[in-house]
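Taking it in order: structure first as structure tokens, then the write-up.
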Amino acid sequence: MFVILLIVTPFLAQSKNDQNFKPVVDTLNSLFSEISLAKSDTKKEDLNNEIIETLNKFLHSAGSFDHAIDTVKNLSCLKSSDNALRIYTWNLCYTDGSFKYFGFVQQKAGGKINVYGLHDRRNKNSIDTNKALEYYTTSEWFGCIYYECITTSWNSRTYYTLIGWDGADNLINRKIIEVLAFTKRGIPEKKKKMFK
């Protein structure tokens with residue numbers, strides 16, 4: 001009987017954890033659904049601000065790093081193979097066919113969880129495609145939806161090669177390749193010299 005309890009207890013804990021975060025998943029799915037039906041860009045941006053607020057609150061809550069919310073439609077959720085990084089990205093499609101991107105980086109370091117917002121700051125009318133391979137700071141991010149994360153180590157450092165998609169407008173789509181690393185203090189930094 002004691003052995004059975006040891007097997008059942010983790011399952012019950014996981015189920016309880018799932019129930020705790022179910023309202024977050026439901027709220028995000030509802031907001032993304034409303035955005036797809038919204039007629040004006042202003043309404044889309046208002047709903048998107050609610051998504052940012054909801055996701056930010058979730059990512060700062062205890063247990064969020066170990067709880068997958070990959071059932072949220074329209075939200076890309078990537079986890080690194082070393083289980084130290086989660087990246088959430090999504091986009092907002094405007095009525096003129098252009099996109100703006102949003103995201104969060106959640107990093108586990110020494111028992112602490114760090115959360116960084118990604119801010120799409122580029123001027124879409126003057127993009128230098130030679131700089132598309134550079135990783136900007138989180139406040140100067142070249143926005144995209146990440147769909148793959150490749151973890152590598154070199155010289156005692158871990159590097160995350162991120163591959164993403166950018167639907168620039170009705171005519172142009174881009175593939176983005178960036179390398180993300182963290183300083184010893186856990187601050188994300190661009191690694192633009194990784195590619196020639």
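In this text the structure is predicted, and so the values were computed from the model without any measurement.
No donor-acceptor distance shorter than 3.5 angstrom exists from the side chain of Ser61 to the backbone of Ser64, with no hydrogens or angles considered. A donor-acceptor pair is defined here as one N or O able to donate and one able to accept, closer than 3.5 Å; no such pair exists between the side chain of Asp70 and the backbone of Ser76. A distance-only check finds a donor-acceptor pair linking the side chain of His60 to the backbone of Asn56 [under 3.5 Å]. Between the side chain of Asn155 and the main chain of Arg157, no donor-acceptor pair closer than 3.5 Å is present. For Gln106 (side chain) and Leu59 (main-chain N/O), a donor-acceptor pair under 3.5 Å exists by modelled atom type.
Listed by chain and residue number, Lys22 satisfy the side-chain hydrogen bond (donor to acceptor under 3.5 Å, both in side chains) test with Asp26 (two or more places apart in sequence, or in another chain). Annotation: side-chain hydrogen bond (donor to acceptor under 3.5 Å, both in side chains) contacts of Glu50 (sequence neighbours excluded): none.
With respect to Val72, the side-chain contact (heavy atoms from CB on, under 4.5 Å) criterion is satisfied by exactly one of Val25, Leu55, Thr27, Leu31: Val25. When each of Tyr147, Phe99, Tyr146 is paired with Trp165, the ring pair (Phe, Tyr, Trp, His ring centres under 6.0 Å) condition holds for Phe99 and for no other.
Atom CG of residue Leu28 and atom CH2 of residue Trp90 lie 8.5 Å apart, to the nearest 0.5 angstrom. To the nearest 0.5 Å, atoms CG (Leu47) and CD1 (Ile52) are separated by 11.5 Å. To the nearest 0.5 Å, atoms CG (Asp166) and CD1 (Ile176) are separated by 5.0 Å. Rounded to the nearest 0.5 Å, atoms OG (Ser80) and CD1 (Ile150) are 12.5 Å apart. Within the model, atoms CG of Leu162 and SG of Cys144 stand 7.5 Å from one another, a figure rounded to the nearest 0.5 Å. Residue Lys100 holds its NZ atom at 12.5 Å from CG of Asn91, rounded to the nearest 0.5 Å.
Nearest heavy-atom pair, Lys44 versus Ala38, reported as atom, atom and distance to 0.1 Å: CE-O, 3.6 Å. Among all heavy-atom pairs drawn from Ala62 and Phe21, the shortest one is O-CZ, 3.6 Å. For the residue pair Ile145 and Thr89, the shortest heavy atom distance occurs at CA-OG1, 3.6 Å.
Phe104 has its side chain out of reach of Ile87: every pair of non-hydrogen atoms, C-beta onward, lies at least 4.5 Å apart. Under the 4.5 Å side-chain criterion, counting only non-hydrogen atoms from C-beta, Ile69 is in contact with Leu75. Residues Leu92 and Phe102 are in side-chain contact: their nearest non-hydrogen atoms beyond the backbone lie under 4.5 Å apart. The closest side-chain heavy-atom distance from Tyr94 to Glu45 is below 4.5 Å. Side-chain contact between Asn114 and Tyr116 is present, with heavy atoms from C-beta onward closer than 4.5 Å. Put simply, the side chain of Phe32 reaches to within 4.5 Å of the side chain of Ile51, judged on heavy atoms. Counting only heavy atoms from C-beta outward, the side chains of Leu85 and Leu180 approach each other to under 4.5 Å.
Criterion: ILVMFWY side-chain heavy atoms under 4.5 Å apart, direct or through other members. Under it, Val179 and Trp154 are part of a common hydrophobic cluster.
A salt bridge is defined here as a Lys NZ or Arg NE, NH1 or NH2 lying under 4.0 Å from an Asp or Glu carboxylate O, and Lys108 with Asp82 fails to meet this definition.
Heavy atoms of other residues, nucleotides or ligands lying less than 6.0 angstrom from CD of Glu148 number more than 12.
Ring geometry, Tyr88 versus Phe58: the interplanar angle exceeds 60°, so the pair is classed perpendicular (tilted spans 30 to 60°).
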